[in-house]
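Okay, so here's the structure we're looking at.
Note that this is a predicted model, so its numbers are computed, not measured. First the proteins, then the strands, lettered A, B, ... as listed; each starts at 1. For the numbers below, each heavy atom of this structure counts, side chains included, while hydrogens, waters and symmetry mates do not.
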Number of protein chains: 2
Amino acid sequence: MSRNYAGLSRERIIVEALHIIAGRGLGGLSMRRLGDALDVEAMAIYHHFPKGKEQLFNAIAAYVTTARVVSGLTEGQGPPGDGDGEGEEATGAHPVAVAGADDLPWDRRLTLWAEAYRERLLAYSGALSLLMHRAPHTVGEEDTRALLHAAFTEAGLSEDDVPRACDTLNAYCLGSVAHQVRHEGREDAVDAAEALAGFRFGLRALLTGLSG
Amino acid sequence: MSRNYAGLSRERIIVEALHIIAGRGLGGLSMRRLGDALDVEAMAIYHHFPKGKEQLFNAIAAYVTTARVVSGLTEGQGPPGDGDGEGEEATGAHPVAVAGADDLPWDRRLTLWAEAYRERLLAYSGALSLLMHRAPHTVGEEDTRALLHAAFTEAGLSEDDVPRACDTLNAYCLGSVAHQVRHEGREDAVDAAEALAGFRFGLRALLTGLSG
DNA sequence: ACCTGAACACCGTTCAAGT
DNA sequence: ACCTGAACACCGTTCAAGT
């Protein structure tokens with residue numbers, strides 16, 4: 001049966017995979033189920049991700065790390081690469097939400113970036129454990145590093161401490177979302193508003209401590 | 001063939017599972033492979049974890065969160081429960097490394113706890129993504145909360161801010177290890193010494209900012 | 001109580017084949 | 001180039017059976 005013959009692309013595959021992950025969890029994502037959702041035989045996916053599920057996972061990690069939120073809708077940015085470190089790289093700018101905010105003071109810029117990053121991680125929280133063991137290179141990554149580096153330099157940190165401060169801020173954002181997701185469904189879980197308030201509280205403390 | 005007939009226990013299963021995870025990654029852990037490693041038919045595991053792999057994962061998460069380091073050797077503490085919120089709970093004290101340090105100043109106590117927690121997470125980094133979506137209740141958890149709560153109260157935080165500070169510190173520790181593991185194998189990865197230095201740098205900043 | 005062994009539905013992946 | 005369909009080795013889990 002020549003059922004389907006068009007429409008498949010890396011981006012469509014990734015987006016559909018994220019739908020499945022959001023609905024049934026990471027463990028609920030199988031190549032066969034993904035094929036069904038795309039109205040295609042599972043094996044068709046291998047034409048776009050020749051190295052299979054591992055490559056798809058890397059691409060999803062790159063996509064999550066690189067996607068941006070536009071007027072309430074989450075969408076990707078250009079054709080994401082597979083991010084498996086073998087020649088391709090993902091497209092898309094990491095910290096889009098801070099565009100055009102160059103004249104704000106350093107701590108304000110970092111706060112905007114951190115809150116945007118947190119929101120993105122939260123939007124794809126089902127894929128969070130994918131980020132645990134993968135840090136695929138994306139082109140937006142460079143922009144992020146530049147942004148953070150400039151801000152922390154402006155804050156007066158020494159050359160040695162700037163990269164450490166960048167790592168610290170990244171770690172806090174990732175860890176905060178992980179901590180929140182981890183406690184979802186427990187009886188001591190906090191609601192979304194308090195989670196955001198808690199994140200801001202810690203972020204403010206962190207930036208205060210880093211600049212001292 | 002009545003090959004094997006003794007020795008299986010929840011703890012032995014978990015420890016062996018962690019061996020496999022350390023060697024072949026989380027994806028390399030299968031019930032059949034775990035059975036082989038335990039010299040037992042895979043189905044024997046279901047007698048100790050009747051709800052299957054998901055329950056085993058919960059137990060591993062509880063174990064990792066609850067294990068302690070004794071004179072260089074990492075070992076579990078008593079028979080860990082399955083942590084799936086259906087009546088059982090894990091044994092073991094969370095923050096053992098800080099035992100007998102009650103007379104130190106609050107920031108010293110928190111630093112000791114954080115460094116011990118980080119070390120434990122790092123020792124079981126292969127199971128890190130298991131902690132992403134699971135926060136099983138352990139008995140040691142209560143002790144940890146008490147320890148952190150007392151320290152942050154002593155630091156002068158308001159009643160509203162103390163739990164937020166606890167969450168922040170937890171998030172930072174988890175995120176820091178995740179961030180490090182995530183970048184392992186990348187060309188911009190730092191070595192173990194610098195990773196520790198970076199962790200301490202961020203921790204100091206965090207505690208400074210929280211007490212301000 | 002503790003473990004085995006066969007069975008079932010599902011999985012990732014390869015490969016030859018279709019258009 | 002893009003997709004199908006059959007095949008293979010593996011997986012989680014159930015269930016009846018052994019001791």
Side-chain angles (χ1 to χ4, degrees), chain A residues 1-18 20-21 23-61 79 81-82 84 86 88 127 129-130 133-134, chain B residues 1-18 20-21 23-61 79 81-82 84 86 88 127 129-130 133-134:
Chain A
M1 279 285 179
S2 58
R3 270 285 257 76
N4 207 295
Y5 212 65
L8 217 47
S9 72
R10 295 173 72 98
E11 169 136 29
R12 231 166 64 75
I13 293 172
I14 292 170
V15 168
E16 199 58 52
L18 282 168
I20 295 176
I21 290 172
R24 337 182 48 133
L26 195 58
L29 175 67
S30 77
M31 299 302 264
R32 283 168 158 99
R33 190 128 60 190
L34 182 52
D36 279 358
L38 291 163
D39 210 4
V40 113
E41 216 63 28
M43 292 68 204
I45 299 166
Y46 285 81
H47 190 264
H48 300 265
F49 296 97
K51 293 195 224 138
K53 208 181 189 185
E54 195 58 29
Q55 188 183 16
L56 175 60
F57 279 162
N58 288 335
I60 292 173
D82 51 357
D84 58 357
E86 300 196 13
E88 305 191 47
S129 55
L130 243 38
H133 297 278
R134 288 160 230 264
Chain B
M1 280 286 179
S2 58
R3 270 286 256 76
N4 208 295
Y5 213 67
L8 217 45
S9 74
R10 295 172 71 97
E11 170 137 30
R12 234 167 61 77
I13 293 171
I14 293 170
V15 169
E16 198 58 52
L18 282 168
I20 295 175
I21 290 173
R24 337 185 45 134
L26 194 59
L29 176 67
S30 78
M31 300 301 265
R32 284 170 158 98
R33 191 127 61 192
L34 182 51
D36 278 359
L38 290 162
D39 210 3
V40 113
E41 217 62 29
M43 292 69 204
I45 299 166
Y46 285 81
H47 191 262
H48 300 263
F49 296 97
K51 294 196 224 137
K53 209 180 189 186
E54 195 58 29
Q55 188 183 18
L56 174 59
F57 279 163
N58 288 336
I60 292 173
D82 51 356
D84 58 356
E86 300 196 13
E88 304 192 47
S129 55
L130 243 39
H133 298 277
R134 291 161 226 264

Q: Write down the distance between CG (A:D39) and P (D:dC2), rounded to a whole number of angstrom.
A: 18 Å
Q) Does the side chain of A:R12 come within less than 4.5 Å of A:H48's, by heavy atoms? A) no
Q.
Show the nearest heavy-atom pair for residues B:I14 and B:A59, with the distance to one decimal.
A. CD1-CB, 3.8 Å
Q: Give one of base, sugar-phosphate or nothing for B:M31, where a contact means two heavy atoms less than 4.0 Å apart.
A: sugar-phosphate
Q) Considering only side-chain heavy atoms of A:H47, which listed nucleotide, C:dA7, D:dA7, D:dC3, is closest? A) D:dC3
Q) Under a 3.5 Å cut-off for both distances, is C:dG5 Watson-Crick or wobble paired, and to whom? A) D:dC15
Q: Kindly point out which of D:dC3, C:dC3, C:dG5 is positioned nearest to the side chain of B:A44?
A: C:dC3
Q: Output yes when at least one side-chain N/O atom of B:H48 is less than 4.0 Å from OP1 or OP2 of C:dC3, else no.
A: yes
Q. Got a second to check how far A:R32's CZ is from A:L34's CG, nearest 0.5 Å?
A. 12.5 Å
Q: Take the protein atom CG of A:L26 and the nucleotide atom C1' of C:dC11, then report the distance between them rounded to whole Å.
A: 15 Å
Q. Atom CZ of A:R10 to atom C1' of D:dC3: distance rounded to whole Å?
A. 17 Å
(Q) What is the distance, to the nearest angstrom, from the CD1 atom on A:I20 to the P atom on C:dC11? (A) 11 Å
**Q.** Whole-Å gap separating P (D:dC2) and CG (A:L8)
**A.** 10 Å
Q. So which heavy atom on B:F49 is nearest to which on B:Q55, and how close?
A. C-OE1, 3.1 Å
(Q) Show the nearest heavy-atom pair for residues B:G35 and B:I45, with the distance to one decimal. (A) N-CD1, 3.8 Å
Q: Can you tell me the distance, in whole Å, between the CD1 atom of A:I45 and the C1' atom of D:dC2?
A: 13 Å
Q. Which whole-number value in Å describes the distance from B:D36 CG to D:dG12 C1'?
A. 15 Å
Q) Once you round it to whole Å, what is the distance between C1' of D:dC10 and CZ of A:R32? A) 11 Å
Q. B:S30 has a side chain; which of C:dG12, D:dC11, C:dC11 sits nearest to it?
A. D:dC11
Q: Could you check which of D:dG12, C:dC3, D:dT4 has an atom nearest any side-chain atom of B:V40?
A: C:dC3
